[in-house]
Protein chains: 2
Amino acid sequence: MKRTFDCVEFCKALSDPTRQQILEMLLEKEMSVNEIVAAFSVSQPTISHHLELLYQAGLVLRRKDGKQILYRTDDQQVYFCCGKLIAKFSPADK
Amino acid sequence: MKRTFDCVEFCKALSDPTRQQILEMLLEKEMSVNEIVAAFSVSQPTISHHLELLYQAGLVLRRKDGKQILYRTDDQQVYFCCGKLIAKFSPADK
DNA sequence: TTTATATATAGAAATATATCTATATGAAAA
DNA sequence: TTTTCATATAGATATATTTCTATATATAAA
């Protein structure tokens, strides 16, 4: 599977507490936007904005299911990115 | 060695290209502020600001040497933080 | 001591980000 | 079809971040 990696984009995607929580939630289960909204105290457009950002960074996957859009964390990609991060800043890997 | 870890603060510290470059440079060698400034095209106060941010995040160490302040990456801490990040978002660790 | 050098801090300006309300879009149900 | 529901987009606002210039501080050299 071909993957791209932009280390700054990856870290920016994780540099907000709401996005980190979303990503963590979506590790466990696929959820619709409304379900995610229900778990936070910010508006639906704000959640959609965070989801779009995570999607652009390649950290979540999404699919349409009727009226809903279901999101889930791309845990393989997240793992891949964490590996790249370690490789960049801990090359010796003590 | 006791360490603290704030996953959002860690990612924020890495969410800027200049700071990532600084951190990478300081993996290899200890450098004074002026030496770091010389490697970039931004002002000395801007570099000092980034260094302070990295320092507050615990990612660099510093010591005084005469008139100069020498900075270096705390590679143990960076490695520790990367580990925490993986643990948070890739708990299964496939 | 005065002067020069290295770094930090203060304050302002420009840019980016997070958030909101209002509305558009698109799909399913009535 | 029309209505309803789920999500996205547009546009505005508030806040945070990055950057600058000017200046303070602290150390070493003259």
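Quick caveat: nothing in here was measured; it's all calculated off a predicted structure. Here is how names work: the chains are called A, B, and so on, in the same order as the sequence lines, proteins then strands, and each is numbered from 1.
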Taking the nucleotide of DNA chain C with the closest heavy atom to each, which residue, Gln68(B) or His49(A), is nearer the 5' end?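 Looking at the nearest nucleotide for each, Gln68(B) comes out on the 5' side.
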
From [atom1] of [X] over to [atom2] of [N], roughly how many Å is that when rounded to an integer?
X: Ile47(B); N: dA8(C); atom1: CD1; atom2: P; answer: 11 Å
X: Leu51(B); N: dT9(C); atom1: CG; atom2: P; answer: 12 Å
X: Phe40(A); N: dT19(C); atom1: CZ; atom2: C1'; answer: 15 Å
X: Leu54(B); N: dT17(D); atom1: CG; atom2: P; answer: 14 Å
X: Leu53(A); N: dT19(C); atom1: CG; atom2: P; answer: 11 Å
X: Arg62(A); N: dG26(C); atom1: CZ; atom2: P; answer: 14 Å
X: Glu9(A); N: dT17(C); atom1: CD; atom2: C1'; answer: 15 Å
X: Leu70(B); N: dA8(C); atom1: CG; atom2: P; answer: 11 Å

Among side-chain atoms of Ser48(A) and Gln44(A), is any donor-acceptor pair under 3.5 angstrom?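 Yes, a side-chain donor-acceptor pair sits under 3.5 Å.
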
When you check the side-chain N and O atoms of Gln20(A) and Glu24(A), is any donor under 3.5 Å from an acceptor?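 The criterion, which ignores hydrogens and geometry beyond distance, is not satisfied for Glu24(A) and Gln20(A).
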
Give a yes/no on whether any side-chain N or O of [X] is located under 4.0 angstrom from OP1 or OP2 of [N].
X: Arg19(A); N: dA18(C); result: yes
X: Asn34(A); N: dC5(D); result: no
X: Tyr71(A); N: dA8(D); result: yes
X: His50(B); N: dT19(D); result: yes

Do NZ/NE/NH1/NH2 and the carboxylate oxygens of Glu35(A) and Lys29(A) come within less than 4.0 Å?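 Looking at Lys29(A) together with Glu35(A), the answer is no, because their closest N to O distance does not fall below 4.0 Å.
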
From the list [options], which nucleotide is the closest neighbour of the side chain of [X]?
X: Val42(A); options: dT19(D), dA8(D), dC20(C); answer: dC20(C)
X: Lys12(A); options: dT17(C), dA8(C), dA6(D); answer: dT17(C)
X: Asp16(B); options: dT19(C), dA8(C), dT18(D); answer: dT18(D)

With no hydrogens and no angle check, is any side-chain donor or acceptor of [X] less than 3.5 Å from a backbone partner on [Y]?
X: Ser15(B); Y: Lys12(B); answer: yes
X: Arg63(B); Y: Leu70(B); answer: no
X: Arg62(B); Y: Ser32(B); answer: no

Under 3.5 Å, which protein N or O atoms sit close to an N or O of nucleotides 21-30 of chain D? Give each pair with its distance.
none

Where does the angle between the aromatic ring planes of Phe80(A) and Phe5(A) fall among parallel (under 30°), tilted (30 to 60°) and perpendicular (over 60°)?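 Plane angle over 60°, so perpendicular.
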
